[in-house]
Protein chains: 2
Amino acid sequence: MQRTLSDIGYTTDEIALASMAKALSHPVRIRILQLLAGETCCFTGELTGLIPMAQSTISQHLKALLEAGLIQGEINPPKVKYCIHRENWNKARTLFGEFFAGETCGGCLC
Amino acid sequence: MQRTLSDIGYTTDEIALASMAKALSHPVRIRILQLLAGETCCFTGELTGLIPMAQSTISQHLKALLEAGLIQGEINPPKVKYCIHRENWNKARTLFGEFFAGETCGGCLC
DNA sequence: ATTGTTTATCGCAAATGAACGATATATAAA
DNA sequence: TTTATATATCGTTCATTTGCGATAAACAAT
């Protein structure tokens, strides 16, 4: 992703898929999302108790998920309530679903 | 992913999801997969003609997709026939599908 | 045997990512 | 006002990723 990205002309969906996939590309972020998605309501704090990593590291991962749009945080200092960002979550489901649905190679023997 | 990965105890699915997501985390790899998935049969070579990147770079991306199990290559030197790896492709669809399906937060206002 | 074609690998430079400890920030509680 | 709590940010270190050109490898064609 160094020099040439613009001159390839990716579609919006390609960019969106790639950046959401990047957000999912670390197991601890998968874990965090599962924890948030499994909550019946929004979620405050206990992540640092559930995941054996430095608080600053967890915070960084949350930031990455925020920037990817997959979660949202309601700031309420000193606490923050984190949730799945439902709209983008649904969009992600759709994009990944469509992506994996398009597989037309049925006939060849390879 | 430096020091602590083992002592968190990720599940197999968490690891699998994260590594497939990592393979999808670059737009050119999304593009390549779309090209392969759109072919009615396996695909030889023309990737270098379709994607304005150095041949070595494309080869590296193909290697990444191979190692993630998302494609397969039938070596037939000097050519190689690349395909979607259907079994793992379906597994990926299932894993991502289940992942995005599990979102129970319906009630709270956040 | 030589040449051409196609793909992979190597070696490098630059960028990004991941983890941590230390510190800052912002509020509630005392 | 001071202290405690929860979270974010900074700065550092090390590892990984990305891209390229150059080169190697494997075969087909001549």
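Every chain is numbered from 1 and lettered A, B, ... according to where its sequence line falls, protein lines coming before strand lines.
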**Asked** Does any N or O in the side chain of B:N88 come within less than 3.5 Å of the main-chain N or O of B:G69, such that one atom is a donor and the other an acceptor?
**Response** yes
**Prompt:** Got a sec, which residues hit side-chain contact (heavy atoms from CB on, under 4.5 Å) with B:E14, two or more places apart in sequence or on another chain?
**Reply:** A:I30, A:R31, A:Q34, B:Y10, B:T11
**Message:** Measuring to OP1 and OP2 of C:dA19, would you say a side-chain N or O of A:H61 lies under 4.0 angstrom away?
**Reply:** yes
**Item:** Whole angstrom value for the distance that separates C1' of D:dA8 from CG of A:L66
**Value:** 11 Å
**Asked** Quick one: B:L50 CG to C:dT7 P, roughly how many Å, whole number?
**Response** 12 Å
**Request:** Please determine if a side-chain N or O atom of B:T57 lies less than 4.0 Å away from the OP1 or OP2 oxygen of D:dG19.
**Result:** no
**Asked** Over how many whole Å does the gap from A:Q60 atom CD to C:dG17 atom P extend?
**Response** 11 Å
**Fill in**
Among D:dA8, C:dA19, C:dT9, the one nearest any side-chain atom of B:S56 is C:dT9
**Prompt:** For D:dT17, does either OP1 or OP2 sit under 4.0 Å from a side-chain N or O belonging to A:K22?
**Reply:** no
**Asked** Closest approach of A:L66 and A:G73, non-hydrogen atoms and distance?
**Response** CD2-N, 3.8 Å
**Request:** Please tell me which of the listed nucleotides, D:dC20, D:dT9, C:dC20, lies nearest to the side chain of A:M53?
**Result:** C:dC20
**Prompt:** Tell me: OH of B:Y82 to P of C:dT6, nearest whole Å?
**Reply:** 15 Å
**Request:** With sequence neighbours excluded, tell me which residues meet side-chain contact (heavy atoms from CB on, under 4.5 Å) with B:T57.
**Result:** B:M53, B:A54, B:H61
**Request:** Please determine if a side-chain N or O atom of B:H26 lies less than 4.0 Å away from the OP1 or OP2 oxygen of D:dG19.
**Result:** yes
**Message:** With a 3.5 Å cut-off and heavy atoms only, can you find an N or O donor on one side and an acceptor on the other between the side chain of A:Q55 and the base of D:dA8?
**Reply:** yes
**Message:** Please verify the inter-ring angle class for A:F99 with B:W89; under 30° counts as parallel, over 60° as perpendicular, anything in between as tilted.
**Reply:** tilted
**Item:** Spacing of B:K63 atom NZ relative to C:dT7 atom C1', expressed in whole Å
**Value:** 13 Å
**Message:** If I take atom NZ in residue A:K79 and atom P in nucleotide D:dA6, what distance separates them, rounded to the nearest angstrom?
**Reply:** 6 Å
**Complete:** A:L62 CG to D:dA6 P, in whole Å, measures 15 Å
**Message:** Expressed as a whole number of angstroms, how long is the span from A:E67:CD to C:dT16:P?
**Reply:** 13 Å
